[in-house]
Structure formats: structure tokens, C-alpha cells
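Reviewing the structure listed below.
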Amino acid sequence: IASTPETDREGDIVMPKGAKFTLPFPLLAQHDHSQPVGMVTKASVSDDGIEIEAQLPKDSQLSYVERTWRQVKAGLLRGLSIGVRATKAEAIKTGRKFLDYEIFELSLVTVPANAGAGISSVKKYDDTDIDLEEQLLAAEAEVADVKSRAAAAIEKATQLTSNLEK
């Protein structure tokens, strides 16, 4: 969820249906324009908020993209924050109410201004490629299981042989 209509930590309210954007738009790390980490490829607006899908490039060869992806997968980076330019806003008691605005970027952030904005699910780099790290961990677990079963079989064989010799 990129944004919701609840009052954010700054005291502002961003009305979802006031959003204007053109897909795809940049996905950044911590609003750092020098660190684009992906693209927002889908977005749907409702009264409840703005739902998005984003993709990070696979094998980007950029250490900051890989670091960001690891932080997302580890659950350390779960917040989302929109970068906007207001075209229509009004003053409210706590701050501003954004009625019309242009979204020019979305950022993965540690602490989002909007507490309801964040990552609800993580798939993988894309829908077709295999996550090699997960595949390696699964293979290592399988090898450990096979070694354990082999050790148990050897121990059982040793006991049987020992019993036959008695």
C-alpha cells in the first residue's frame, strides 16, 4: 500500500483519489534520487488507498540495489512513502490535506510518514526467475537431511553387524 487517507505522522492527509501518475514510475531507497532500486509497474486507486506492485531488477550489478533487496526480504525495510508535488491542497488543523497531487516516485523507507503505507507481500525479483539464494538454502537443507539419514543407516547397519558377530 503506497498511501492511505489516514492522517500521517506529519499531520497531513493524502486523499488517494487525488493521485495522478504515469506508470512506470521510479522506486527509490529512502527518497534518495541517486539510488533508484526499481520501478512501480502497477497501481490502483480506491477510497481506501493506493495499492502498487513494484519490481527490482535482477542482477543489476549495483550493490545498493542488492542491499535494498536483502533488507526487504529480511523484513528490515517494510515502509513505503510517496514523493509528490501538490497541485491542490488545503490547510487543516494538523497540517495539509492533499486533494490533487502528482506522484513522481515511491520510496522504500524504514519509517513511513503514513503508518498504513507499507509492503504487504514480497515475491521475488520477478515472476519468472528463481531466487538462487533460496534455492541454495533449500539444497543445503536437503543435503543435511540426506547426511543425517545416511549416518542413521550406517549406525543401524553397524549395530546389526555387531549383533550378528555375537
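All values below were derived from every heavy atom in this structure, side-chain atoms included, with hydrogens, water molecules and symmetry-related copies excluded.
Looking at I119 and L80, their side chains come closer than 4.5 Å, going by heavy atoms from C-beta outward. I1 is not listed as a side-chain neighbour of I50, based on a closest heavy-atom distance of 4.5 Å or more. Using a 4.5 Å heavy-atom cutoff, the side chains of Q30 and S81 are not in contact. For the pair L27/P36, no side-chain contact is recorded, criterion being any heavy-atom separation below 4.5 Å from C-beta on. Side-chain contact between K97 and M15: present, with at least one pair of heavy atoms (C-beta onward) separated by less than 4.5 Å. When side chains are defined from C-beta on, E6 does not count as touching I13, because their heavy atoms never get closer than 4.5 Å. Residues L28 and L108 fail the side-chain proximity criterion, which asks for heavy atoms closer than 4.5 Å. When side chains are defined from C-beta on, V84 does not count as touching V14, because their heavy atoms never get closer than 4.5 Å.
When hydrophobic side chains of Ile, Leu, Val, Met, Phe, Trp and Tyr are connected at separations under 4.5 Å, F104 ends up as a singleton with no cluster partners. Hydrophobic side-chain contacts under 4.5 Å tie M39 to no other Ile, Leu, Val, Met, Phe, Trp or Tyr residue.
Using a 3.5 Å distance cut-off with no hydrogens or angles, the side chains of E105 and S107 do pair a donor with an acceptor. For the residue pair D32 and S34, a side-chain donor N or O sits within less than 3.5 Å of a side-chain acceptor on the partner.
Listed here is the closest heavy atom pair of L23 and V40: CD2-O, 3.6 Å. Nearest heavy atoms, T68 versus V37: OG1-CG1, 3.8 Å. Contact record, G49 with P5: N-CD, 4.3 Å, taken as the closest heavy-atom pair. Taking both residues in full, the closest heavy atoms of A2 and A117 are given as O-CB, 3.5 Å, listed atom of the first, atom of the second, then distance. Considering every non-hydrogen atom in both A86 and Y101, the closest pair reads CA-CB, 4.0 Å.
Using a 4.0 Å cut-off between charged nitrogen and carboxylate oxygen, D47 and K17 count as a salt-bridge pair. Salt-bridge check for K20 with E102: failed, with every basic side-chain N at 4.0 Å or more from each acidic carboxylate O.
Judged by distance alone, with hydrogens and angles left aside, the side-chain atoms of D100 form no donor-acceptor pair with the main-chain N or O of T87 at under 3.5 Å. Side chain of Y64 to main chain of A29: no donor-acceptor pair is present (N/O by atom type, distance under 3.5 Å, no hydrogens or angles).
Rounded to the nearest 0.5 Å, atoms OG (S44) and NZ (K42) are 10.0 Å apart. If you take CZ on R78 and OG on S120, they are separated by 8.0 Å, rounding to the nearest 0.5 Å. Here R96 contributes atom CZ and D8 contributes atom CG; the two are 9.5 Å apart, rounded to the nearest 0.5 Å. To the nearest 0.5 angstrom, L62 atom CG is 15.5 Å from W69 atom CH2.
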For residues 149-158, please give each side-chain donor-acceptor pair under 3.5 Å, one per line with the distance, not counting sequence neighbours.
from : atom 1 : to   : atom 2 : distance (Å)
T158 : OG1    : I154 : O      : 2.8

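Remark: of the listed residues I52, L106, N114, L106 is the sole one forming a side chain to side chain contact (heavy atoms under 4.5 Å, CB included) with I82.
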- Between T94 and T7, is a side-chain contact (heavy atoms from CB on, under 4.5 Å) present by the stated rule, with each step listed? CA-CA 8 Å; T94 58; T7 303; 4.1 Å; yes

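The environment of Q71 atom CD is dense: over 12 non-hydrogen atoms of other residues, nucleotides or ligands sit within 6.0 angstrom.
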